[in-house]
Amino acid sequence: MSTKTDIRGVSAHVGETVRIGCWVNNKRSSGKIQFLQLRDGTGYIQGVVVKSEVSEEIWNDAKSLTQESSLYVTGIIREEPRSKSGFEMTVTGIEVLHITEDYPITPKEHGVDFLMDHRHLWLRSTKQRAVMIVRAQIVRAVREFFDTRGFTLMDPPILTPSSAEGTTELFHIKYFDEDAYLTQSGQLYMEAAAMALGKVYSFGPTFRAEKSKTRRHLIEFWMIEPEMAFVDLEESLEIQEQFVSHVVQSVLTNCKAELETLERDVTKLEQISGSFPRITYDEAIEFLNNNGFDVPWGEDFGAPHETAIANHYDKPVFITHYPAEIKAFYMKPDPNRPEVVLCADMIAPEGYGEIIGGSQRIDDPQLMEERFAEHNLASDAYQWYMDLRKYGSVPHSGFGLGLERTVAWICGLDHVRETIPFPRMLYRLYP
């Protein structure tokens, strides 16, 4: 009798006969022994088929297997220190389900466009699987952090009547007889939720119609957006530090094998805890201008600027107090210096750019009315948002973390296209 299990669970079955549904990741032969590299989504194990120990039918079935053929394999689990998993299977039975012919992704090198065209198959590769496991662990850590700290998960709408930040780079659709847009942020709705439940967070897809092709941009991506009543910028920054540290440490604890597969230098991630360095926008401008850049006050920072600043630190760095003119209409001005706002961007180390943007929000109804006028925002579309200041306004803050950029940073990837199962980019809507 055999016990059905998955590869992840073989450690509980040493010396026992088990049955596993799997695919052939690779195969090699040494005369009278065949070595099957098997995968089932939970892990990898080598199946050893010895000709003298199996029937001719089983031996021939093993010989017929090709890359990505599917099968049920039966065998005895034994410890094998030389294996990455620490275990190996002595095969005693094979039930072939499907023989794959001409699998397009072979062990040779393939171009990125080819791999992206075959993303539905590329996901099966060792590295891509590792990225998806890390992504799932990050998602788990995000929910754990907020769910255990009194935050309530809320789901803002994906279809909205207006922009969250006054931009025009939105996907326009017809909502019956009205104009609507795919959301670029759930933040405004999360502010309403925070006025009802105190501390809330959302976790969902967002969309930007930017015609950008950089390694940091996707058209569809996932955002984590907490919003907190009775919280100022300083307290929000402390929560952000704790949050990012928790996520990184969770991955280090739970994804050792995946980080090894990705050849990630974990010593850089091990430093992510405690307080993060902070510099003001003014200090950032001075630093850049003293280090070979020419950035006038009032300009936003691009990728080269963020990288130069981040390379000066071993941890993520906050850049605070940006000019009001280059930030969103809802950010609260610094009472001591109204031309800058109470905001911060968190810049990841190693050139991964901004992973968090956040601010304290305007809570003064009159000032918000002025901002509406300055940004030419339609008061009818935002009346509900004004009501939040009209009925029991309080100091409140929030931030948004981009999941895919965070995955790219923690995994050490060159491009965000590998951080999401099926990326949507400027010229890619397939598969």
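Each residue takes its place number in the sequence, starting with 1.
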[X] and [Y]: side-chain donor and acceptor closer than 3.5 Å?
X    : Y    : value
R78  : T90  : yes
Q242 : E238 : no
H396 : D363 : no
T253 : Q249 : no
E191 : Y330 : no

With side chains defined as the heavy atoms from C-beta onward, is the minimum distance between [X] and [Y] less than 4.5 Å?
X    : Y    : result
R208 : E169 : no
C22  : L71  : yes
R405 : R216 : yes
Y175 : L159 : yes
V251 : L269 : no
S359 : L342 : no
Y313 : I347 : no
M368 : K390 : no

Does the distance from a Lys or Arg side-chain N to an Asp or Glu carboxylate O, for [X] and [Y], drop under 4.0 Å?
X    : Y    : result
E404 : R135 : yes
E258 : R264 : no
R39  : E68  : yes
K315 : E241 : no
D232 : K332 : no

Item to complete: With side chain to side chain contact (heavy atoms under 4.5 Å, CB included) as the test, would you mind laying out the steps for M228 and S236 before giving the verdict?
Response: CA-CA 8 Å; M228 302 156 286; S236 176; 3.8 Å; yes
Taking all non-hydrogen atoms of both residues into account, name the closest pair between [X] and [Y] and its distance.
X    : Y    : result
R149 : E144 : NH1-O, 4.5 Å
A194 : E227 : CB-O, 3.9 Å
D179 : H172 : OD1-NE2, 2.8 Å
Y430 : D117 : CE2-O, 3.4 Å
D314 : I272 : O-CD1, 4.0 Å
I326 : Y322 : CD1-CD2, 3.9 Å

Item to complete: Starting from the C-alpha separation in whole Å, work towards a yes-or-no answer on side chain to side chain contact (heavy atoms under 4.5 Å, CB included) for V244 and L401.
Response: CA-CA 9 Å; V244 171; L401 176 137; 4.2 Å; yes
Determine whether more than 12 heavy atoms belonging to other residues, nucleotides or ligands lie under 6.0 Å from atom [atom1] of [X].
X    : atom1 : answer
E370 : CD    : yes
H312 : NE2   : no
N290 : CG    : yes
F230 : CZ    : no
K27  : NZ    : yes

Practice prompt. Describe, in one word, how the ring planes of Y382 and Y385 are oriented to each other, choosing from parallel (under 30°), tilted (30 to 60°) and perpendicular (over 60°).
Written response: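 Ring orientation of Y382 relative to Y385: perpendicular.
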Worksheet item: In Å, rounded to the nearest 0.5 Å, how long is the span from CH2 of W222 to OG of S202?
Response: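 W222 atom CH2 to S202 atom OG measures 10.5 Å (nearest 0.5 Å).
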Worksheet item: Say you draw a straight line from OG1 of T280 to CD1 of I285; how long is it, rounded to the nearest 0.5 Å?
Response: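 One finds 9.5 Å between OG1 of T280 and CD1 of I285.
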Discussion item. Under 6.0 Å between ring centres: does that hold for Y281 and F301?
Written reply: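 Ring-ring flag for Y281/F301: true, centres closer than 6.0 Å.
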Worksheet item: Backbone N or O of G150 within a donor-acceptor pair of the D147 side chain at under 3.5 Å?
Response: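 It does not hold such a pair.
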Worksheet entry | side chain to side chain contact (heavy atoms under 4.5 Å, CB included) evaluation trace for L36 with I94 | CA-CA 11 Å; L36 310 179; I94 290 174; 4.3 Å; yes
Worksheet item: Given T160 and Y189, is the side chain to side chain contact (heavy atoms under 4.5 Å, CB included) satisfied, shown in steps?
Response: CA-CA 10 Å; T160 66; Y189 294 96; 3.9 Å; yes
Discussion item. Given the ring of Y72, does R19 sit roughly above its face, with NZ or CZ under 6.0 Å from the centre of the six-membered ring and within 45° of the axis?
Written reply: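 Because its charged atom sits under 6.0 Å from the ring centre and within 45° of the axis, R19 does stack over Y72.
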Item to complete: Would you mind listing every ring-ring contact (aromatic ring centres under 6.0 Å, His included) that reaches into residues 136-158, with sequence neighbours excluded?
Response: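 Pairs touching residues 136-158 that pass the test: F145-F243, F145-H246, F146-F151, F146-Y201, F146-F243.
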Fill in: S85: side-chain hydrogen bond (donor to acceptor under 3.5 Å, both in side chains) partners, not counting sequence neighbours
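Checked S85 against side-chain hydrogen bond (donor to acceptor under 3.5 Å, both in side chains); matches are S83.
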